[in-house]
Amino acid sequence: MQTTTDARLSIHSPRPVARSRGDLLILDVRDDLSRVTRANGEIVGYVDRVDVAGDTAYRARRYVAAERRFVELPNVWDADDAVDTLRW
């Protein structure tokens with residue numbers, strides 16, 4: 001697994017690349033989906049690429065461990081913003 005500290009989330013990598021954004025670790029699962037975890041491995045959620053009005057937007061889904069489910073957050077136009085929505 002390749003690791004980089006580039007803050008830009010790029011969901012276009014041909015092979016898994018781990019990046020960090022603040023205290024979160026981002027790992028590409030597929031070319032259009034990234035897993036977001038804490039340093040201890042706890043899953044925070046996922047960010048995926050979606051088409052909206054003929055353009056590319058990003059959707060974050062926060063994992064709620066106590067309920068064993070994902071909560072879909074509003075779409076945003078920037079991948080880094082989608083990761084940031086999982087922070088709060």
Side-chain angles (χ1 to χ4, degrees):
M1 175 174 52
Q2 179 183 7
T3 303
T4 181
T5 58
D6 183 12
R8 239 13 231 160
L9 173 64
S10 174
I11 307 182
H12 306 286
S13 176
R15 64 183 205 191
V17 175
R19 302 172 294 294
S20 62
R21 181 149 173 86
D23 59 341
L24 299 177
L25 181 66
I26 305 159
L27 177 67
D28 294 336
V29 176
R30 343 183 272 254
D31 62 342
D32 63 343
L33 179 70
S34 293
R35 179 184 303 122
V36 181
T37 63
R38 297 195 195 289
N40 65 3
E42 174 189 2
I43 295 176
V44 177
Y46 288 87
V47 172
D48 59 339
R49 196 174 53 226
V50 294
D51 292 325
V52 175
D55 204 355
T56 300
Y58 297 89
R59 173 182 52 202
R61 292 176 286 145
R62 176 186 307 280
Y63 182 63
V64 182
E67 299 175 13
R68 294 176 149 182
R69 69 181 184 105
F70 289 91
V71 175
E72 190 172 311
L73 302 173
N75 293 344
V76 294
W77 297 109
D78 184 77
D80 291 333
D81 290 343
V83 172
D84 287 341
T85 63
L86 292 171
R87 240 185 245 238
W88 318 116

[atom1] of [X] to [atom2] of [Y]: how many Å apart, nearest 0.5 Å?
X	Y	atom1	atom2	result
N75	T56	CG	OG1	11.5 Å
I43	L86	CD1	CG	12.0 Å
L73	R62	CG	CZ	5.5 Å
L25	E42	CG	CD	12.5 Å
T37	D23	OG1	CG	10.0 Å

Flag side-chain contact, heavy atom, 4.5 Å: [X] against [Y]:
X	Y	result
V47	V36	yes
P74	R59	no
R38	L24	yes

| request: Could you walk me through whether R61 and Y46 pass the side-chain hydrogen bond (donor to acceptor under 3.5 Å, both in side chains) test, one step at a time? | output: CA-CA 5 Å; R61 292 176 286 145; Y46 288 87; over 6 Å; no

| query | Is a side-chain donor or acceptor of R87 paired with a backbone partner of R21 at a separation under 3.5 angstrom? | reply | yes

| message | Test your reading of the model: is there a side-chain donor-acceptor pair from D51 to the backbone of G54, 3.5 Å cut-off? | response | no

| remark: All heavy atoms of A60 vs all of A82, minimum pair found to be CB-O, 3.5 Å

| query | Would you call R30-D48 a salt bridge at under 4.0 Å N-O? | reply |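 Here R30 does not pair with D48 in a salt bridge, since their nearest N and O are not under 4.0 Å apart.
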
| task | Might you work through the side chain to side chain contact (heavy atoms under 4.5 Å, CB included) test for Y58 and V83, ending with a clear yes or no? | result | CA-CA 9 Å; Y58 297 89; V83 172; over 6 Å; no

| query | Above 12 or not: heavy atoms from other molecules or residues under 6.0 Å from CZ of R68? | reply |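 Open: at most 12 neighbouring heavy atoms sit under 6.0 Å from CZ of R68.
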
| Steps toward salt bridge (Lys or Arg N to Asp or Glu O under 4.0 Å) verdict (D28, R35) | CA-CA 6 Å; D28 294 336; R35 179 184 303 122; over 6 Å; no

| Verify same cluster id: V50, F70 (apolar side-chain graph, 4.5 Å) | no

